[in-house]
Amino acid sequence: MIRAQGVNHIGIAVKSIDAQRAFYENVLGARFEGVETVAEQKVRVAFYALGPESNPVRLEILEPTAPDSPIAGFIEKRGEGLHHVAYTVSDLPARLAELKAGGVRLIDEAPRSGAHHTRIAFVHPKASMGVLTELCEPMGEHAARNHP
Ligand code: ZN
């Protein structure tokens with residue numbers, strides 16, 4: 001079982017972060033936290049935070065940096081919009097082992113490192129009604145702060 005403790009963040013695919021910033025900053029009123037390029041994934045990511053600063057829900061705005069980026073493929077097939085929902089979990093390796101034992105299709109059978117001091121893994125979208133599901137475990141002091 002995933003045993004989700006909350007929504008950690010929501011990933012949204014866009015053609016251009018710069019073209020969408022006005023919406024997130026001026027319409028939604030989210031706090032801009034910065035932009036990161038993840039070269040190996042061929043993606044640029046803008047982070048926004050909503051809610052309490054001690055335990056925010058984040059938005060990851062994902063922009064492809066190359067035509068063969070997975071995000072470019074997603075936008076081509078499905079258009080801009082919701083890309084994934086990330087749930088906060090604890091003990092990610094145990095969650096993955098449980099899901100695998102239960103026959104749930106996984107993209108990642110072992111955790112990898114994510115942004116903001118987390119480790120993450122993806123469940124296959126075929127296992128979750130086409131919405132890509134990310135499991136996200138805050139690490140170190142962030143874990144303590146997120147799970148008082
Ligand atoms: Zn994510």
Side-chain angles (χ1 to χ4, degrees), residues 1-21 23-25 28-66 68-100 104-147:
M1 203 194 292
I2 290 174
R3 301 176 205 275
Q5 296 169 350
V7 172
N8 186 280
H9 65 268
I10 295 167
I12 298 167
V14 301
K15 290 178 187 165
S16 161
I17 288 170
D18 291 339
Q20 301 303 331
R21 281 189 68 159
F23 172 79
Y24 293 103
E25 289 165 36
L28 191 59
R31 299 189 296 279
F32 177 69
E33 293 192 313
V35 180
E36 233 174 72
T37 298
V38 186
E40 67 184 46
Q41 311 263 352
K42 299 180 183 172
V43 71
R44 225 175 130 227
V45 190
F47 297 97
Y48 285 93
L50 298 158
E53 300 214 9
S54 60
N55 192 16
V57 172
R58 289 199 162 90
L59 302 176
E60 280 184 1
I61 313 303
L62 306 151
E63 172 194 295
T65 56
D68 60 344
S69 158
I71 296 299
F74 176 90
I75 290 172
E76 200 172 298
K77 239 167 60 189
R78 303 183 51 174
E80 294 178 290
L82 180 64
H83 181 261
H84 66 272
V85 178
Y87 299 98
T88 303
V89 301
S90 59
D91 199 354
L92 181 54
R95 297 290 81 74
L96 292 172
E98 282 177 9
L99 292 172
K100 198 181 169 198
V104 176
R105 251 175 104 178
L106 302 173
I107 291 177
D108 301 304
E109 295 193 352
R112 50 183 159 122
S113 49
H116 293 111
H117 313 283
T118 59
R119 54 182 183 177
I120 64 167
F122 285 97
V123 175
H124 198 280
K126 288 238 160 76
S128 49
M129 288 74 68
V131 178
L132 182 60
T133 297
E134 178 182 337
L135 309 182
C136 186
E137 179 179 15
M139 301 301 288
E141 59 177 287
H142 300 270
R145 213 171 43 178
N146 282 347
H147 309 297

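All ligand and atom numbering here is 1-based and tracks the order in the structure.
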Exercise for the section: Indicate yes or no for a side-chain donor-acceptor contact from E33 to the backbone of A49 under 3.5 Å, with no hydrogens or angles considered. Expected result: no
Fill in the blank from the handout: When every non-hydrogen atom of P125 is compared with those of I107, the smallest separation belongs to CD-CD1, 3.9 Å
Handout entry: Side-chain (T37) to main-chain (R44) donor-acceptor, under 3.5 angstrom
Key = no
Problem - Geometry at the Zn ion (ligand 1) - H9 NE2 versus H84 NE2 angle, rounded to 10 degrees - result: 110°
Practice task
Considering just N/O/S atoms, say which atom of E134 is closest to the Zn ion (ligand 1).
Solution key: OE1
Exercise for the section: Identify, by name, the N, O or S atom of E60 lying closest to the Zn ion (ligand 1). Expected result: OE1
Problem - Ion pair check, R3 and E98, cut-off under 4.0 Å - result: yes
